Amino acid sequence: MSSDNPDNSRRKFLTGSLTFVGGTGAAATLWPFLSSMAPSNKAKAAGAPVKVDISGLKEGEKIDLIWRKKPIWVVKRSQDMLESIDTNDTKHKDPLSENPEQQPDFAKNKYRSLKPEILVLEGVCTHLGCNPAYKPDTTDTSLGKDFKGGFFCACHGSKFDFAGKVSNGSPAGANLKVPPYRFEDENTIIVGELPANKLEEIG
Ligand code: FES
């Protein structure tokens, strides 16, 4: 493993500063207390956008949060992780992210993201809905020599790269979904809003 890869202590579940946007005012709190933040029922039903502070996120680390009752991951990809992403290959079912259901238009690019280093994904396997495990080690060949890290669904063995692209041979048929999101500033992501705030485009 290169020096860029996280060690076990860095793989821990990170706490992030999360805020539901809108309502009577934004209230920041840490993840363990997320459930007590109590946005209004109306806001919950509408799937209120969630604000994520990534100022403390280090290379290889992942923040977990919930948006619209779905697990969302925010990963800061290292250079090794970025270099492992290849769109000109035959190893993936949708290498060019051509399935429009799986990402907003802004993420139809090599890294499936607004910024190469920051990945935002729904943590739901596109086979039968299990939650894939994060595999941040680009040198771990225990899942096959062609797998250079990413995400692995242990339910039935689907593999996804560091852009969430599903490998050929996986039971999952589609890439992991990229949710709508935008950057409010360099260190703040709003999950649930598109860059142009075109919320009506969100399904
Ligand atoms: S639910 Fe993920 S491989 Fe079946």
Side-chain angles (χ1 to χ4, degrees), residues 1 5-6 8 10-14 16 18 31 34-35 47 50 52 57 60-78 80-113 118-181 189 191-192 202-203:
M1 182 190 304
N5 288 322
N8 285 337
R10 290 175 59 194
R11 290 179 201 171
K12 65 185 179 183
F13 181 91
L14 287 178
L18 307 174
W31 165 255
L34 185 62
S35 61
V50 178
V52 189
L57 193 60
E61 290 183 337
K62 176 166 74 77
I63 289 175
D64 294 61
L65 60 129
I66 299 292
W67 173 69
R68 290 191 174 183
K69 299 182 181 178
K70 291 179 285 194
I72 303 291
W73 303 326
V74 180
V75 175
K76 186 167 186 177
R77 291 175 288 202
S78 67
D80 284 351
M81 291 172 172
L82 291 174
E83 288 173 2
S84 77
I85 296 168
D86 184 357
T87 56
N88 298 315
D89 63 59
T90 57
K91 297 174 186 169
H92 298 97
K93 294 185 178 180
D94 183 9
L96 299 177
S97 298
E98 293 182 296
N99 182 344
E101 301 295 315
Q102 298 312 110
Q103 65 279 312
D105 284 349
F106 71 72
K108 190 182 174 185
N109 57 51
K110 178 174 182 177
Y111 300 113
R112 303 187 71 229
S113 58
I118 301 297
L119 173 67
V120 183
L121 284 178
E122 291 186 12
V124 180
C125 182
T126 54
H127 181 219
L128 294 175
C130 289
N131 301 122
Y134 180 38
K135 298 291 184 182
D137 187 347
T138 58
T139 64
D140 180 1
T141 57
S142 62
L143 292 172
K145 60 179 173 46
D146 287 337
F147 185 72
K148 298 174 182 174
F151 305 92
F152 176 66
C153 184
C155 286
H156 311 97
S158 288
K159 300 173 188 174
F160 306 87
D161 71 5
F162 284 114
K165 299 201 309 290
V166 64
S167 298
N168 278 328
S170 297
N175 295 338
L176 294 175
K177 201 164 189 175
V178 178
Y181 71 93
I189 295 173
V191 176
I202 300 173

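Just follow the structure's listing: the first ligand is 1, and inside any ligand the first atom is 1. All values below come from the heavy atoms of this structure, side chains included, with hydrogens, waters and symmetry mates left out. Since the model is a prediction, treat every value here as computed from it, not as a measurement.
Contact of the Phe160 side chain with the Pro132 side chain is registered, since non-hydrogen atoms from C-beta on lie closer than 4.5 Å.
The proximity of Cys130 to ligand 1, defined as any non-hydrogen pair under 4.0 Å, involves the side chain as well as the backbone.
Heavy atoms only, all atoms of each residue included: Met81 and Pro136 are closest at CE-O, 3.5 Å.
For atom 4 (Fe) of ligand 1, the nearest N, O or S atom contributed by His156 is named ND1.
Among the atoms of His127, an N, O or S atom is found under 2.8 Å from atom 4 (Fe) of ligand 1.
Between Cys155 and Cys130, a gap of under 2.5 Å is found separating the two SG atoms.
Nearest protein heavy-atom contact of atom 1 (S) of ligand 1 is Leu128 N, 3.3 Å. Nearest protein heavy-atom neighbour of atom 3 (S) of ligand 1: Ser158 OG, 3.2 Å.
No salt bridge links Glu61 with Lys76; every basic N to acidic carboxylate O contact stays at or beyond 4.0 Å.
Counting only N and O atoms by type, the side chains of Asp137 and Thr139 include a donor and acceptor under 3.5 Å apart.
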